[in-house]
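Remember, it's a predicted structure, so these values are computed and weren't measured experimentally.
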Amino acid sequence: MEGTTSTCTSLRTMWLALLVYHLGLILRSQAQNACLTNPTFREPVNSDVTVKCGTQRMELYILLCPVYFGGYNESLMALNAQYNKPECRGSPDWTVNPPVLKFNFSITEEAISACSNKLKITQEVGSGLFSDYSSVQFVNISGIINSMDPAAGTITYRQEMMYIFSCRYPLQYLVNNTEMSVSGVSLAVKDNNGSFISTLSMHLYEDNTYSAPLLVPDNGLKLKKRIFVEVRATNLTERFNVLLDRCYATTSPFPTNSSFYDLFVGCNHDGQTVMGVNGQQQMARFSFEAFRFVEHKNMTVSIFYLHCATRLCDKSVCSSIRPNCSANARKRREVESAQGTSVSDVATVSSGPIITKVDNGEDSLPCAAVTDPSQRNEPLLGAAITVAIVGTLCISAVVFVVYRFRSSKKQSKEKSTFHQ
C-alpha cells in the first residue's frame, strides 16, 4: 500500500514537472519570436549585464535574448541559484529594445542575505584630518545571476550562464535615517571575556539639561540658536565608554558625497562648538550654534544633517586615546594599536534633517552671521539713495520757488515802467 502511494506521488511530481517544462517551452517560443530578429539574439558576453549601485537599492539588468539563445528563459535565471524564492528571480521587460531581465533588491542586511548575496566589510586608511583618528570602512556587496537546466541529469548539452556583479558602498549607506532626527548603528567590542554589542543613537536637545528634545519647526530654527547633541550607547557593559572622533554637518543625509563642515576633529574645533563629556561616560555631549550653508542662500530654509564618527573604548585606555592637543597623531595611533580589541572600530551615527531659516533674519542676526559683504551694505546703500532722492527734490523745490519769485518781481517792475 505504501509503495503504491509513493509511486502515485512520484508520478504526480513528474507530470507536474513536465507540465511546467512544456509551459516554459510555449512561453519560450513566443519570446523567441521577439528575439529572432533582435541583434542581441546571440552568444552571451560579459557586457550583457548592467549594474546600478543606488543609494537605496541595487539594480541589475541582463539582456534577455542571449538567455533564450542559450536555451533558457527568465524562469530559469535567479540570484545565487535561489530558484525557489520569487524575490530572487528577475522580471522580464519586453517593452524595451533590447529586452532585459531586471533584478533589484534594497541594500539592507535582510534583503542582501535573503538571496544569499555576499557582504564583506573592508577598512581603508582615511585621508585629511580624519586620518589621524580612524580608518574608513567600506561594504562590498556581490553575487551571481546563474541559470538552472531543468533537463540536466548525469550530463547536459547546455552551457551554464553566469553573470557576476558587485557594488562598493561606504558603510554609512547601510544606516537608515528616520524622520524623527535620530538613527542608530550597532557597534561591537571584543575582549578576553567575549563580545559586547551596543546600539549607538544620536539625540538633539533644547538646552544643557539634556531633558527636552529639540523640536525643529517646519519653517526652521533661528540662526545662532544653540543645539545640544548627545550620542549614547545602550545595552553595553559598564566597562566601556563612548568616544567621538569627529562630528560634522553635510547637505546630504549620507555622510559622504556632499558639502560638509567640520564642527570638530580632534583638537580642531569650530569657534561656536562647545565640547562636553567625551570618552568619559557611556554617552558623549557637545553643543553648537545653528548655521546655514552658503549654497542655500537663494532658498527659504537651509537643511543639513549631523554625523559623528563614534567608537567604544575600555575605560582604562579611553584617557590615552582621547585627542591630546600636546601629543602628536603618531603617538595616538601607537596607543590604539597597542590596546588591540580594547578599542572598537569606528561607526558613524547620524541625525535627521536640521532646518534653519535663511530669510527675514537680517534684523536679528549679528553682522558676523552674514557671509556676503554685499548683504551687509544693502541697508546703508538703500538709505543713502533715499536721502539723495529727497535732497534732490528739496533743492529742486527751492530753486523753483526762487525762480517764480524773481520772475514775478521782474514782471511787476516791467508793468510799472510801461505805465509811466
Side-chain angles (χ1 to χ4, degrees), residues 128-130 177 180-183 201-232 242-255 258-281 283-310 322-323 325 348-376 378-379:
L129 292 172
F130 199 31
N177 290 282
M180 296 304 294
S181 82
V182 59
S183 61
S201 60
M202 177 184 290
H203 298 273
L204 307 179
Y205 292 94
E206 287 280 354
D207 54 41
N208 60 3
T209 64
Y210 291 88
S211 57
L214 176 68
L215 300 178
V216 180
D218 293 337
N219 61 345
L221 300 167
K222 289 184 178 181
L223 297 178
K224 304 288 289 180
K225 174 179 173 55
R226 184 156 290 276
I227 299 172
F228 295 83
V229 184
E230 179 183 271
V231 176
R232 179 176 290 274
V242 172
L243 178 65
L244 303 181
D245 281 339
R246 173 196 182 200
C247 288
Y248 58 105
T250 65
T251 55
S252 163
F254 301 110
S258 67
S259 300
F260 72 91
Y261 181 75
D262 282 317
L263 297 177
F264 67 87
V265 182
C267 297
N268 299 315
H269 290 203
D270 169 78
Q272 306 305 319
T273 299
V274 177
M275 293 302 300
V277 178
N278 190 21
Q280 300 159 314
Q281 299 180 26
M283 52 80 179
R285 291 173 172 174
F286 69 96
S287 66
F288 67 99
E289 290 185 351
F291 55 85
R292 68 175 176 88
F293 277 86
V294 175
E295 66 186 74
H296 296 159
K297 63 182 179 181
N298 295 324
M299 302 179 183
T300 56
V301 295
S302 178
I303 301 177
F304 62 89
Y305 302 80
L306 188 63
H307 313 280
C308 286
T310 311
R322 281 201 303 268
C325 299
T348 299
V349 61
S350 305
S351 77
I354 300 174
I355 307 171
T356 56
K357 299 178 182 179
V358 298
D359 60 338
N360 301 324
E362 292 85 353
D363 56 348
S364 62
L365 295 179
C367 294
V370 182
T371 58
D372 188 350
S374 63
Q375 293 178 7
R376 293 197 294 265
E378 284 178 0

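- Nearest heavy-atom pair across M202 and C308 is CE-SG, 3.7 Å.
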- Determine, step by step, whether N268 and D262 satisfy the side chain to side chain contact (heavy atoms under 4.5 Å, CB included) criterion, reporting the C-alpha distance in whole Å, the side-chain angles of both residues, the deciding distance to 0.1 Å, and the verdict. CA-CA 9 Å; N268 299 315; D262 282 317; over 6 Å; no

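- Not a single donor-acceptor pair under 3.5 Å links the side chain of S302 to the backbone N or O of T356.
- Aromatic rings from F291 and F304 are positioned such that their centres are separated by under 6.0 Å.
- A cation-pi arrangement is found for R246 relative to F260, the charged atom lying closer than 6.0 Å to the ring centre and inside a 45° cone about the ring normal.
- Closest heavy-atom contact between L221 and L215: CD2-O, 4.1 Å.
- Heavy atoms only, all atoms of each residue included: Y210 and V229 are closest at CE2-O, 3.6 Å.
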- Task: Step by step, work out the side chain to side chain contact (heavy atoms under 4.5 Å, CB included) result for K225 and E206.
- Result: CA-CA 9 Å; K225 174 179 173 55; E206 287 280 354; 3.0 Å; yes

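- Summarising the geometry of T251 relative to Y305, their closest heavy-atom pair is O-CE1, 4.0 Å, with the distance given to 0.1 Å.
- Here the side chain of S252 pairs no donor or acceptor atom with the backbone of T250 at under 3.5 angstrom.
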With a 3.5 Å cut-off and sequence neighbours excluded, list the donor-acceptor pairs that the side chains of residues 269-279 form with protein atoms.
unit_1: H269; atom_1: NE2; unit_2: G266; atom_2: O; d: 3.4
unit_1: D270; atom_1: OD1; unit_2: Y261; atom_2: OH; d: 2.4
unit_1: D270; atom_1: OD2; unit_2: Q272; atom_2: N; d: 2.8
unit_1: T273; atom_1: OG1; unit_2: L263; atom_2: O; d: 3.4
unit_1: N278; atom_1: OD1; unit_2: L244; atom_2: N; d: 2.7
unit_1: N278; atom_1: ND2; unit_2: L244; atom_2: O; d: 3.2

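- Classified by interplanar angle (parallel below 30°, tilted 30° to 60°, perpendicular above 60°), the ring pair F286/F264 is perpendicular.
- Atom CG of D207 and atom CD1 of I227 lie 13.0 Å apart (nearest 0.5 Å).
- Atom OG of S350 sits about 7.0 Å away from atom OH of Y248, to the nearest 0.5 Å.
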- Going through the checks in order, is the side chain to side chain contact (heavy atoms under 4.5 Å, CB included) test met by R232 and R285? CA-CA 9 Å; R232 179 176 290 274; R285 291 173 172 174; 4.2 Å; yes

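- G220 and K357 make their closest contact through O-CE, 3.2 Å (heavy atoms, listed as atom of the first residue, atom of the second, distance).
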